[in-house]
Amino acid sequence: MTITMKKKDVVLIGFGWTGAILGQELTEAGLDVLALERGEMRDTPTDARYPQVIDELAYSIRGKLYQDLSRETVTVRHGVDDLAVPYRQHGSFLLGNGVGGAGLHWNGMHYRVLPEELQLRTRYEQRYGRHFIPEGMTIRDFPVTYDELEPFFTKFEYVCGTSGKAGNLGGRKIEGGNPFEGPRSKDYPTPPLHNGYGADLVWKGAVEAGFHPYYAPAANCSTPYTNPYGVRLGPCNFCGFCENYACYMYSKASPQTTILPVLLRKPNFEVRPRAQVLKINLDSTGKKATGVTYVDGKGREIFQPADLVIVTAYQMHNVRLLLLSGIGKPYNPKTGEGVVGMNYAYQAMGGVEVLLPSGTRLNPFIGTGAGGVSIDDVNGDQFDHGPLGFVGGASVRHVRLGGRPIQMTPTVPGTPKWGSAWKSAVKDTYQRELHIDLSGSVAAYQDVYLDLDPTYRDSYGQPLLRLTYNWHDNEARLMHHVGDRISEIAKAMNAEKYWVTNRVTPGAKYDVRFYQSTHTTGGAIMGADPRNSVVNRYLQSWDVPNVFVMGSSAFPQNMGYNPTGLVGALAYWAAKAIREQYLKNPGPLVQA
Amino acid sequence: MMTRHLSAAALLAGLAFASGGAHAADDAQVARGAYIARAGDCVACHTATGGAPFAGGLAIQTPMGRIYSTNITPDPETGIGTYDFAAFDRAVRGGVNQAGHRLYPAMPYPSYARVSPDDMQALYAYFMHGVKPQHQPNRPADIAWPLSMRWPLMVWDAMFAPSPATATAPPSGSADQLARGRYLVVGLEHCGSCHTPRGFALQEKALTDVDGTAYLSGAPIDGWLAKSLRSDGPDGLSAWSVRDIVTFLKTGRTDQVAAFGGMKDVVVHSTQYLNDDDLTAIALYLKSLGGKGGAAPALRPDATATTALRTGHDLPRGGRVFLDNCAACHRTGGQGYDGVFPRLALSSVVNSADPMSLVRIVLEGSRMAPTAGAPAAFGMPGLGWRLDDRDVADVVTFIRTSWGNHGAPVSAEDVARIRRTINSGPTPESRNTVDPSPS
């Protein structure tokens with residue numbers, strides 16, 4: 001029997017970054033807000049207890065903070081006619097869980113967006129002609145511009161205490177910052193983290209090779225910092241345990257270190273952990289949400305009525321919940337009809353591995369989540385794609401994450417994987433090998449999408465989400481080009497040896513066994529037209545106007561940058577529209 | 001259940017009910033009374049953990065047995081709804097309830113006796129008109145006869161409790177800041193309840209500065225050291241500026257230190273609500289208290305330990321424990337990070353003669369009190385599960401003798417004694433006796 005709870009003004013489904021932002025913004029507007037989080041309550045003293053948290057086996061290998069895939073996962077296949085099988089072990093992407101979501105255990109790479117990426121189709125068509133974008137590639141413009149989002153990028157950076165250096169302050173170019181970035185209204189709230197020796201070498205090599213290196217923007221505070229909510233953060237101490245871990249220094253921005261100390265104390269806010277939402281309930285017209293149904297920690301099914309339902313889970317879970325709730329028409333790749341699940345995209349990861357001369361001492365254990373050197377010369381549309389014939393670019397960075405014993409003991413190709421030869425190789429390379437990351441954009445395609453799996457179900461009996469994904473030739477060519485260009489940096493560094501380690505090569509198939517990126521996007525994309533998008537420019541469902549969907553599920557395609565900065569900015573942008581427009585006159589904010 | 005010890009607490013015990021009642025009061029009077037109730041921190045003891053404000057029921061441990069704070073909401077049956085002003089005043093300032101029974105001096109009426117009649121009127125107006133009535137019967141004390149007899153308290157009161165004040169108090173914002181500060185410290189804030197040592201009958205050895213240099217000279221309370229608030233050298237307030245004290249009382253921390261133990265509740269429930277004029281007055285008054293044994297020489301920074309930690313040379317065993325457990329946040333210079341991780345170098349807490357607070361924080365950890373001015377509740381994990389008594393003694397001794405600190409060494413026996421009084425989980429010795437191999 002379903003228990004019905006007292007009605008709330010707002011229900012948030014999922015309590016990570018976007019849930020915390022919307023919770024804070026809408027309680028400020030005086031609303032009574034409830035967050036439902038399927039995972040456990042988490043906080044720094046409980047989940048970043050020093051020194052227990054410094055445990056690579058527990059957190060990086062066994063994924064202590066991740067979603068339990070034996071209860072719920074996704075299925076994966078390469079093509080629209082293939083059979084999908086469940087993703088049974090964390091590999092290609094790492095699904096978060098619990099209060100704070102993946103925002104508790106991300107690295108803190110806090111980029112904005114290159115302005116041209118938001119008007120991608122228009123930009124390519126204008127610069128390279130209408131036929132440049134290949135058949136089957138379904139890239140779009142975002143229905144919002146960089147200038148519109150700029151105040152919200154700034155706001156999120158100031159909440160996070162992000163460290164970095166502006167390269168374009170209101171149109172004025174500044175040495176040491178990113179010359180390609182859109183104009184900023186304000187500099188970063190904290191100065192750049194100190195570069196390690198490896199980052200210094202990459203910076204120097206990049207300058208010699210003609211690139212424009214800049215301090216990588218890091219949501220790892222470089223100094224103690226008090227954010228606009230009055231919440232103080234600690235400084236990064238370069239411990240080298242960032243991604244996969246909660247930060248015991250209170251330095252890495254997470255909902256816990258930036259918003260929750262204020263939000264959780266508000267009388268008009270409540271979070272219920274261990275609450276697995278099964279669906280959003282609709283009234284008989286199917287055009288209005290009445291609340292959500294969830295199963296609590298005791299296994300009871302509960303109906304929570306609400307005036308406004310905001311989907312604030314991870315990208316894949318957002319899309320799945322819309323499909324399970326019957327909100328919006330599911331996308332069909334064969335007919336091209338429907339919208340929910342379309343334009344799923346990923347990132348094309350690769351790198352240039354650099355072996356420096358013997359005797360180099362990088363001291364790789366001095367690591368941060370996101371500080372280091374970054375390069376945008378081959379990102380976005382900052383170079384001429386005309387003669388190259390592909391769409392997209394890659395953000396490039398050297399960030400020394402640490403020198404941990406299990407995953408951070410690289411060797412040169414051809415080295416045995418175990419035994420005394422492996423040991424002596426690790427001893428040789430530990431201090432002198434470094435990695436330059438290539439994070440390539442991935443376009444959207446007609447044959448790449450998300451839907452509900454016809455076979456596999458989760459522990460509540462609901463269909464799993466099915467990913468239909470494979471690499472396309474465009475990304476293989478992009479990554480080949482970027483690998484070649486960035487190898488020039490390795491050459492300039494007088495490397496003893498260097499080699500490109502791209503995942504995406506011509507003919508390669510998507511392999512979920514290896515970690516690549518958790519930057520999955522699309523499936524509930526934002527757009528100007530309800531015929532080819534799921535939500536409008538304020539992330540409001542076209543079909544059910546009292547449902548909003550946050551997160552990177554709104555991206556029409558993926559970019560080279562890490563997505564969190566854009567996710568946070570869009571959440572603040574949507575929150576403002578809800579506060580200033582929707583609450584005064586509930587209904588569609590954009591007329592279809 | 002959360003318990004508090006006698007001297008930390010305020011308690012109205014054994015209230016009965018008679019006729020009388022509230023008279024009309026204007027909103028301004030009620031608001032003023034609410035502020036006075038904050039300053040008196042009534043809510044801290046008269047609210048059970050998770051209970052309704054002022055409905056009582058908090059257990060308070062006394063040497064005679066456990067007693068429970070009473071319902072002071074205006075509920076006519078179970079609270080103080082039938083108290084007229086005279087009865088209310090006699091309870092708060094005289095230690096005698098409406099039925100004529102003596103209160104246990106867990107209730108700080110010897111301090112509240114200093115509260116002015118005007119402020120008492122406002123406080124009364126607040127409790128009658130600003131507090132929501134809660135029907136919650138009082139719980140009798142767990143004290144066996146003959147100790148349960150209350151008449152001996154009359155003798156105690158005659159010896160130790162002053163007569164209620166008759167003078168008007170200097171108001172908030174008064175030009176005479178010292179007088180205002182003194183009024184708050186000796187009266188409403190009853191700082192001496194914890195910070196003044198107690199005598200043979202558990203009475204505070206001094207109730208005001210004129211009673212002697214024992215006043216606010218520091219005392220153990222609930223397994224913590226309530227520090228000296230006098231300017232008497234390394235463990236008092238001599239190195240604290242007025243601004244430091246104001247910031248501490250307002251937010252529960254300064255750049256260098258954070259509240260721990262019972263002081264967290266004081267800040268959360270009381271001092272963070274005081275206006276800046278009153279906090280400044282309190283700080284000026286405290287700074288006016290001279291040292292108990294003359295001013296001690298100021299501590300001077302010394303980089304020897306920092307060098308040893310950074311180079312690994314001449315590092316005592318305690319320094320190695322420090323590197324493995326403490327340095328990540330408190331740093332090799334012992335300076336911590338401003339407003340995040342407290343400073344150990346030249347800290348008045350670290351240099352206290354009695355190391356109990358420092359040892360206890362190492363064993364149990366601590367979490368800062370979240371306040372409106374500083375909502376981030378930074379935490380330190382307890383290390384008692386991984387450090388044995390010798391480790392703790394070595395590291396605490398290292399901390400107390402490094403960077404210019406001049407605290408006396410701490411022995412493993414000292415640590416063992418403190419460990420026994422708190423619940424810090426199994427000691428590493430017992431953990432290590434488990435044979436990891438299956439047999």
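Chain A is the first sequence line, chain B the second, and so forth, proteins listed ahead of strands; every chain is numbered from 1. Because only heavy atoms are used, hydrogens play no part in the values below, and waters and symmetry mates are left out as well, while side chains stay in. Remember, it's a predicted structure, so these values are computed and weren't measured experimentally.
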Can you tell me if [atom1] on [X] sees more than 12 non-hydrogen neighbours from other groups inside 6.0 Å?
| X | atom1 | answer |
| --- | --- | --- |
| A:Arg274 | CZ | no |
| A:Lys165 | NZ | yes |
| B:Lys132 | NZ | no |
| B:Arg243 | CZ | no |

Exercise for the section: Please confirm whether the backbone N or O of B:Phe378 pairs with a side-chain atom of A:Arg232, one donor and one acceptor, at under 3.5 Å? Expected result: no
Completion exercise
Answer key: most heavy-atom pairs under 4.5 Å with chain A among B:Pro370, B:Pro375, B:Cys329 is B:Pro375
Completion exercise
In short, A:Val231 meets B:Ala376 closest at the heavy-atom pair CG1-CB, 3.9 Å
Completion exercise
Shortest non-hydrogen pair, A:Tyr50 vs B:Leu383, comes out as O-CD2, 4.3 Å
Practice task
Taking ring-ring contact (aromatic ring centres under 6.0 Å, His included) as the test, write out the residues that go with A:Tyr59, two or more places apart.
Solution key: A:Tyr245
Problem - Part of B:Thr371 lying under 4.5 Å from any heavy atom of chain A - result: backbone
Handout entry: Contacting moiety of B:Ala377, where chain A heavy atoms sit under 4.5 Å
Key = backbone
Problem - Interface residue of largest heavy-atom contact number with chain B, from A:Gln256, A:Arg49, A:Met249, under 4.5 Å - result: A:Met249
Problem - Gap between atom OH of B:Tyr337 and atom OG of A:Ser251 - 0.5 Å precision - result: 9.0 Å
